[in-house]
Amino acid sequence: MSDRISEKLTELAKRRGYFFQSSGAYGGVGGFYTFGPQGAALKGNVEDAWRDRFAIAEGHMEIDAPTIMPEPVFEASGHLETFDDMLVECPECEESHRADHIVEDETEYEDAESLPVPEVEEIIAEYELVCPTCGAGLAGAAIEDFNLMFATNIGPGDSQPGYLRPETAQGIFVEFPRLKEYARNTLPFGVTQIGRAYRNEISPRRSIIRTREFTQAELELFVDPETSEPDLTLVEDVSVRLYPATEQQADDGSEVETTIGDAVADGTIADPWIAYFLGIAQEWYASVGVDTDRFRFRQHLAGERSHYASDCWDAESEIDGNWIEIAGFAHRGDYDLSKHQEYSEERFTVFQQYDEPKTVERAVVDPDMSYLGPEFGGDAQAVVEELETLAGRDRAAFEGETVDVEFGDETHEIPVEKTGFAVEEQTEAGEHVVPHVIEPSFGVDRLVYTILHHAYREDEVAGEERTYLDLEPEVAPTFVGVFPLQSDDDLEDEAEGIAAALRAEGLSVTYDDSGNIGRRYRRQDEVGTPFCVTVDYESLEDGGVTVRERDTTDQKRLPIDDLPETLSALRAGEVAFEDLDEE
RNA sequence: GCGCCGGUGGUCUAGUGGCAGGACCUGAGCCUUCCAAGCUCAUGGCCCGGGUUCAAAUCCCGGCCGGCGCACCA
């Protein structure tokens, strides 16, 4: 049964323009998909809904950064190193294994990933390591260096290497020094981005669930680790299904049905920001059509977490009995901003003012350059820097007649009186803080797939099998179909007029006069169009039309003049179809 | 990347070393006063390359693509 839905969905997606493999005319290429007319509209609606909730409703700002960035960005982010896999193929059984993992498992080396390839090859030979699958010796087998990032060159030649971003996040982190200005140097503030990311996956699989180019919707929330707090009262009553790490590791562990408030109170979710976003996400996912019975939040196990995350929860949806990750909620700490501060020339901090200015004692130097200059020549400035460092680190060094300064390979004695050493009282209004980052990161393609999968329905209408998509009106690619009951010039004119009026209202409308009325209803059912409007001969007399609801196939007679308003209210969820009064 | 299986109109599928069939869909027409009805007509196909052969969509080899398993998934 479960496999049938995926297969039927794939077939439907191809046939009705939701999504299909790209470049089919050239044999297709693995891991790349095109969203067809329906799919692009659905995806766009999902992105709009995300933007409404996570950017606009939260008061955050959205940016749109390039997908290609220069190499130093990824040196700083750690992706050049950690996105790099060392694969070694067993000469006997031809299985591929992670060379660094084998080394870490079998030797005392703990961070083989960061070692150069030739060194890892030497270690394998030296320790006579064997294939985990068949036990054959791996000595002499070549290690293939594989980086999951797509590489390119910026400008002519290969002088400036660049990479397609493997996550949208770096585009936000890199621009932090300017973005903080827009936030008026005030924490917390959030920056969102919806955009493409690229990973040269070894083995793309399972339709649009694992592709090489995909869309992420990410929020980077920059918080003061000491003072910023979410308003948990907004989400404390939200019911969630959690799968904490402790339950995953227990023999009889199970998912936990609880509320955000209780999970925070009993420590299941340690970080209040993570808890806040899990609550927001739970309700948002439900609003766009994820079946909450096939949805949970799973905590990462310690060994599973990324190089930056201190705690991480995934949102997972159930597809054919398998749980797939559709979002990650990570506490990235100050990892990203600190790394960019270290690797770049910019300051990735926000000045946080104290409630009360603090008075602190500080050791300072004010060297006598008329002494240091002649004494050290061109090295005088470096000596000054050494003195400054030393003063901050070790005041006692300045207590004697002279102070010892390590410089070059020698120790120099400098009279303390020439250093201008003093301990001063200084008033500090605040401090430069590297913000911590809370990152809710959503996979849009997987969400679209989940929505379609969870919306897939088969039932029976008038003795005939029917397939329909139970899509939420807010995200349905086509909102309303408009038909003349039969081929008839007068009916067609009236129906086309209604279609135009609804389009003018901003609704997504499809007009169809082919075949018979039943066929047209089924066509719209199959792509998930929530409502259909049919113009009949009475419409020309009494100004009413039949409006038919997708899920129930119920029909109501409603006045044409009110249609734009009525249907807009239905789309916004302001009224329910069953509550509408007939004419 | 390795292994197994597979690739036939838009979709699903039958089939064989000798003229490639069906169903659905789609389009045109007829019919039709609310749920894939019926009739007529039409469009459209053997993944790519090489080999074997008188003849290859079919057999063989390689590639590409897909499903599944392994590995991978910061």
Side-chain angles (χ1 to χ4, degrees), chain A residues 3 6-8 10-17 20-32 36 74 77-90 92-102 113 131-134 144 146-149 166-167 169 197 199-207 209-212 300 304-309 312 324-325 328 330 443 460-468 483-488 491 514-526 532-540 545-548 550 552-555 557:
Chain A
D3 280 331
S6 273
E7 283 170 20
K8 288 180 179 180
T10 301
E11 185 267 322
L12 188 151
K14 269 191 280 196
R15 194 163 41 78
R16 302 306 306 270
F20 46 85
Q21 197 180 19
S22 297
S23 304
Y26 292 89
V29 57
F32 293 92
F74 300 108
S77 71
H79 286 98
L80 263 186
E81 184 177 306
T82 62
F83 246 49
D84 201 61
D85 284 345
M86 285 183 253
L87 297 177
V88 60
E89 188 179 311
C90 172
E92 288 296 319
C93 69
E94 299 186 328
E95 285 274 336
S96 283
H97 298 279
R98 285 279 298 267
D100 50 326
H101 287 182
I102 295 174
E113 191 167 26
C131 171
T133 306
C134 72
E144 187 186 358
F146 184 80
N147 195 295
L148 253 44
M149 285 194 293
E167 60 176 12
R199 294 177 196 182
N200 200 0
E201 296 282 357
I202 297 171
S203 176
R205 281 290 165 83
R206 297 179 66 192
S207 178
I209 290 174
R210 194 151 145 219
T211 58
R212 293 189 163 121
H300 277 202
E304 179 182 7
R305 285 199 295 266
S306 306
H307 54 283
Y308 48 73
C312 188
I324 63 167
E325 174 191 352
E460 196 169 286
V461 173
E464 297 280 348
E465 273 188 21
R466 177 176 77 137
T467 298
Y468 71 102
F483 319 133
L485 183 61
Q486 292 178 16
S487 303
D488 179 290
L491 294 183
S514 78
N516 62 57
I517 191 70
R519 182 188 299 272
R520 292 177 228 150
Y521 284 148
R522 298 303 166 83
R523 248 184 216 145
Q524 294 311 313
D525 287 343
E526 202 177 29
C532 291
V533 170
T534 298
V535 176
D536 57 29
Y537 292 99
E538 282 175 46
S539 304
L540 305 175
V545 285
T546 303
V547 178
R548 178 250 197 196
R550 175 195 62 205
T552 59
T553 74
D554 287 348
Q555 304 190 139
R557 193 78 182 168

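Since the structure is predicted, the reported quantities are computational estimates derived from the model, not experimental observations. A note on names: the letters A, B, ... follow the listed sequences, proteins ahead of strands, and every chain is numbered from 1.
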Self-check item: B:rA20 - base-pair partner by Watson-Crick or wobble geometry, distances under 3.5 Å
Solution: none
Exercise. Check the distance between B:rG67's P and A:Arg210's CZ and give it to me in whole angstrom.
Key: 11 Å
Exercise. Describe the nucleic acid contact of A:Ser207 in one word from base, sugar-phosphate, nothing, applying a heavy-atom distance below 4.0 Å.
Key: sugar-phosphate
Exercise. Using Watson-Crick or G-U wobble geometry with both distances below 3.5 Å, tell me the partner of B:rG49, or none.
Key: B:rC61
Any protein N or O atoms within reach of nucleotides 7-11 of chain B? Criterion: under 3.5 Å, listing atom names and distances.
from: B:rU11; atom 1: O2'; to: A:Glu11; atom 2: OE2; distance (Å): 2.5

Quiz item: Say you pick atom P in B:rC60 and the same atom in B:rG1; how far apart are they, in whole Å?
Solution: 24 Å
Self-check item: Any side-chain heavy-atom pair of A:Gln555 and A:Cys532 under 4.5 Å
Solution: no
Practice problem: Using the C1' atoms only, state how far B:rG66 lies from B:rU33, rounded to an integer number of Å. | Solution: 48 Å
Practice problem: Write down the distance between CG (A:Asn200) and C1' (B:rC72), rounded to a whole number of angstrom. | Solution: 12 Å
Exercise. Go ahead and name the base partner of B:rC68; Watson-Crick or wobble counts if both distances stay under 3.5 Å, otherwise write none.
Key: B:rG3
Self-check item: Contact state string [nucleotides 31-42 of chain B, B base, S sugar-phosphate only, - no protein heavy atom under 4.0 Å]
Solution: -BBBBBB-----
Quiz item: Expressed in angstrom and rounded to an integer, what is the separation of A:Arg206 atom CZ from B:rC72 atom C1'?
Solution: 15 Å
Quiz prompt | OP1 or OP2 of B:rG66 under 4.0 Å from side-chain N/O of A:Gln21 | solution = yes
Exercise. Would you classify A:Gly463 as touching base, sugar-phosphate or nothing, given that sugar-phosphate means primed atoms plus P, OP1 and OP2, and contacts are heavy atoms under 4.0 Å?
Key: nothing
Self-check item: Rounded P spacing from B:rC19 to B:rU58 in Å
Solution: 14 Å
Quiz item: 5'-most contact on RNA chain B: A:Pro166 or A:Val29, nearest heavy atom basis?
Solution: A:Val29
Exercise. Whole angstrom is fine here: how far is it from CD1 in A:Ile202 over to P in B:rC73?
Key: 8 Å
